[in-house]
Number of protein chains: 2
Amino acid sequence: MLRDFQSVLKKLHLKVTPKRLAILEVLKNESVYLSPEEVWRKLRKQFSQVGLPTVYRNLEELAQGNVISKVTHPNRQLYYYFCLNPSHHHHFICLSCRTVEDIDFCMFRELEKRVKQELKGRVVSHILQVNGLCKKCLKKDGGSHA
Amino acid sequence: MLRDFQSVLKKLHLKVTPKRLAILEVLKNESVYLSPEEVWRKLRKQFSQVGLPTVYRNLEELAQGNVISKVTHPNRQLYYYFCLNPSHHHHFICLSCRTVEDIDFCMFRELEKRVKQELKGRVVSHILQVNGLCKKCLKKDGGSHA
DNA sequence: GTATTAATAGAAATGGTTTCTATTTATATT
DNA sequence: AATATAAATAGAAACCATTTCTATTAATAC
Ligand SMILES: [Zn+2]
Ligand SMILES: [Zn+2]
Ligand SMILES: [Zn+2]
Ligand SMILES: [Zn+2]
């Protein structure tokens with residue numbers, strides 16, 4: 001989650017291509033989570049040629065490399081978000097305006113420890129996400145959401 | 001999550017149909033999470049006619065009514081699990097054998113409180129799931145998984 | 001038993017996502 | 001700077017899990 005995209009990509013053994021950098025820029029300049037298609041529409045303003053599969057591929061690679069984070073949306077579509085917070089944490093996402101807010105208090109360390117001790121399993125990944133309506137959206141419409 | 005399916009369905013204003021009951025039976029008799037298509041294949045052993053859309057619809061209704069629980073799988077396909085534990089809790093799911101184990105210690109109450117206080121948002125839903133490899137699978141193959 | 005409303009089967013459509021292949025581009029090496 | 005190499009890309013096509021649609025059937029209340 002560094003600002004020096006070049007070195008971040010090199011660390012991940014990903015070539016530094018204009019499209020890749022542009023995808024990162026798009027996400028970095030957004031305060032909300034975006035779908036691959038939305039990222040693609042924004043990219044087309046800068047590039048005459050750009051394929052949607054390229055966007056999908058890059059977003060997935062970047063998420064794998066922990067440069068961006070994936071949003072687990074109830075509608076089960078893909079969304080990505082560029083998070084500046086470098087430490088382990090989770091998100092409160094607004095289902096209406098798509099704002100993302102950090103949940104900095106992570107009790108996962110405790111949880112993981114107990115899972116290991118009590119269940120004797122190996123943790124591969126975990127999801128902790130709180131879905132709801134943000135302060136602003138609650139004021140706006142009292143809480144109706146799609 | 002009661003064993004008396006009839007009354008459970010009535011409470012949800014869902015008609016008590018043979019297919020509906022059979023879907024619940026299928027899930028109840030499984031110790032692992034199942035995809036809609038897998039539930040459907042099992043149903044076809046009992047019913048000469050049964051549509052896959054019926055299975056999808058029923059599973060979704062039952063999940064909405066908190067009779068069964070949905071699994072948030074990394075592969076983003078739908079899976080459902082019948083959980084006997086009636087209290088609020090979360091799951092450790094095995095990515096290899098699909099075993100589900102309860103995580104009974106839920107720190108979510110604390111989390112929710114702080115989200116409300118600090119972010120002033122409304123919580124609509126939350127996901128907390130730990131994905132990994134269960135004790136048995138770790139022994140079996142040392143941890144390789146699809 | 002009748003009326004009412006929900007549930008269903010089966011076919012068809014949907015659409016987000018992935019695959020495929022030829023071409024281009026970034027990077028390392030001379 | 002020129003060359004080699006392996007990765008990245010565009011565009012078209014395929015995929016396939018999930019949803020929609022409509023006529024028919026079945027459950028429930030009265
Ligand atoms: Zn909002
Ligand atoms: Zn965490
Ligand atoms: Zn297992
Ligand atoms: Zn919880």
Side-chain angles (χ1 to χ4, degrees), chain A residues 5-26 33-65 67-68 70-80 98 146, chain B residues 5-26 33-65 67-68 70-80 98 146:
Chain A
F5 291 154
Q6 299 249 149
S7 65
V8 170
L9 293 179
K10 278 186 177 142
K11 247 172 231 148
L12 294 173
H13 305 292
L14 295 174
K15 290 185 176 176
V16 181
T17 68
K19 307 262 165 82
R20 196 113 72 189
L21 289 170
I23 287 171
L24 280 168
E25 276 300 322
V26 163
Y33 53 91
L34 295 179
S35 70
E37 187 166 346
E38 286 164 336
V39 173
W40 178 61
R41 282 201 225 107
K42 284 171 193 292
L43 276 194
R44 284 202 297 183
K45 290 175 183 162
Q46 303 174 52
F47 300 92
S48 57
Q49 289 190 134
V50 56
L52 188 50
T54 296
V55 177
Y56 272 89
R57 188 174 8 85
N58 273 285
L59 290 172
E60 187 53 32
E61 287 163 346
L62 294 169
Q64 288 295 331
V67 184
I68 60 178
K70 213 184 270 211
V71 170
T72 302
H73 200 279
N75 73 7
R76 302 188 330 107
Q77 286 187 214
L78 286 170
Y79 295 97
Y80 295 91
R98 299 184 179 188
Chain B
F5 292 152
Q6 298 252 148
S7 64
V8 169
L9 294 180
K10 277 184 179 143
K11 249 173 228 148
L12 295 172
H13 305 293
L14 295 173
K15 290 184 177 175
V16 180
T17 69
K19 307 263 165 82
R20 196 113 73 190
L21 289 172
I23 288 171
L24 279 169
E25 277 299 323
V26 164
Y33 52 91
L34 295 179
S35 71
E37 186 165 346
E38 287 164 335
V39 173
W40 178 60
R41 281 200 226 107
K42 283 172 194 291
L43 274 194
R44 285 202 298 183
K45 291 175 185 165
Q46 303 175 53
F47 300 92
S48 57
Q49 289 190 135
V50 56
L52 188 50
T54 296
V55 177
Y56 271 90
R57 186 175 10 83
N58 274 284
L59 290 172
E60 187 52 32
E61 287 163 346
L62 293 170
Q64 288 295 330
V67 183
I68 60 178
K70 213 184 271 212
V71 170
T72 302
H73 200 277
N75 73 6
R76 304 189 329 106
Q77 286 187 213
L78 286 170
Y79 295 97
Y80 295 91
R98 301 185 178 188

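Numbers restart at 1 for each chain; the letters A, B, ... are given by sequence-line order, proteins then strands. The figures here come from the full heavy-atom set of this structure, side chains too, leaving out hydrogens, waters and symmetry mates.
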Note: A/R98-A/E38 ion pair, threshold 4.0 Å (strictly below): yes

By nearest nucleotide on DNA chain C, pick out whichever of A/P18 and B/F47 is the more 5' one. B/F47

Which donor-acceptor pairs under 3.5 Å do the side chains of residues 39-50 of chain B make with protein atoms, sequence neighbours left out?
residue : atom : partner : partner atom : Å
B/W40   : NE1  : B/V50   : O            : 2.9
B/K42   : NZ   : B/E30   : OE2          : 3.2

Output one letter per nucleotide in nucleotides 1-7 of chain C: B when a protein non-hydrogen atom lies under 4.0 Å from the base, S when only the sugar-phosphate is that close, - when neither is. ----BSS

Find out whether B/L59 and B/L78 are in side-chain contact, i.e. whether some heavy atom of one side chain is under 4.5 Å from a heavy atom of the other. no

Would B/N58 and B/L14 satisfy side chain to side chain contact (heavy atoms under 4.5 Å, CB included), going step by step from the backbone distance to the final call? CA-CA 10 Å; B/N58 274 284; B/L14 295 173; over 6 Å; no

Between A/Y80 and A/E60, is there a side-chain donor-acceptor contact under 3.5 Å, judged purely by atom types and distance? yes

In whole Å, I'd like the distance from the CZ atom of A/R44 to the P atom of D/dG11. 10 Å

Using the six-membered ring wherever Trp is involved, compare the ring planes of A/Y33 and A/Y79 and label them parallel, tilted or perpendicular (cut-offs 30° and 60°). perpendicular

Could you check how far CG of A/L62 sits from P of D/dA8, rounded to whole Å? 11 Å

Between atom CD in A/E60 and atom P in C/dT18, what is the gap in whole Å? 7 Å

Side-chain N or O of B/Q49 closer than 4.0 Å to phosphate OP1/OP2 of C/dG10: yes

Kindly give the atom pairs (protein nitrogen or oxygen, nucleotide nitrogen or oxygen) under 3.5 Å for nucleotides 16-20 of chain D.
residue : atom : partner : partner atom : Å
D/dT18  : OP1  : A/R76   : NH2          : 3.2
D/dT18  : OP1  : B/L78   : N            : 2.9
D/dT18  : OP2  : B/Y56   : OH           : 2.6
D/dT18  : O5'  : B/Y56   : OH           : 3.4

Can you see which heavy atom on B/L52 is nearest to which on B/E37, and at what distance? CD1-CA, 4.0 Å

Does any non-hydrogen side-chain atom of B/L21 lie less than 4.5 Å from one of B/L9? yes

Send over the distance from B/W40 CH2 to C/dA11 C1', rounded to a whole Å. 13 Å

Check the distance between D/dT9's C1' and A/I23's CD1 and give it to me in whole angstrom. 11 Å

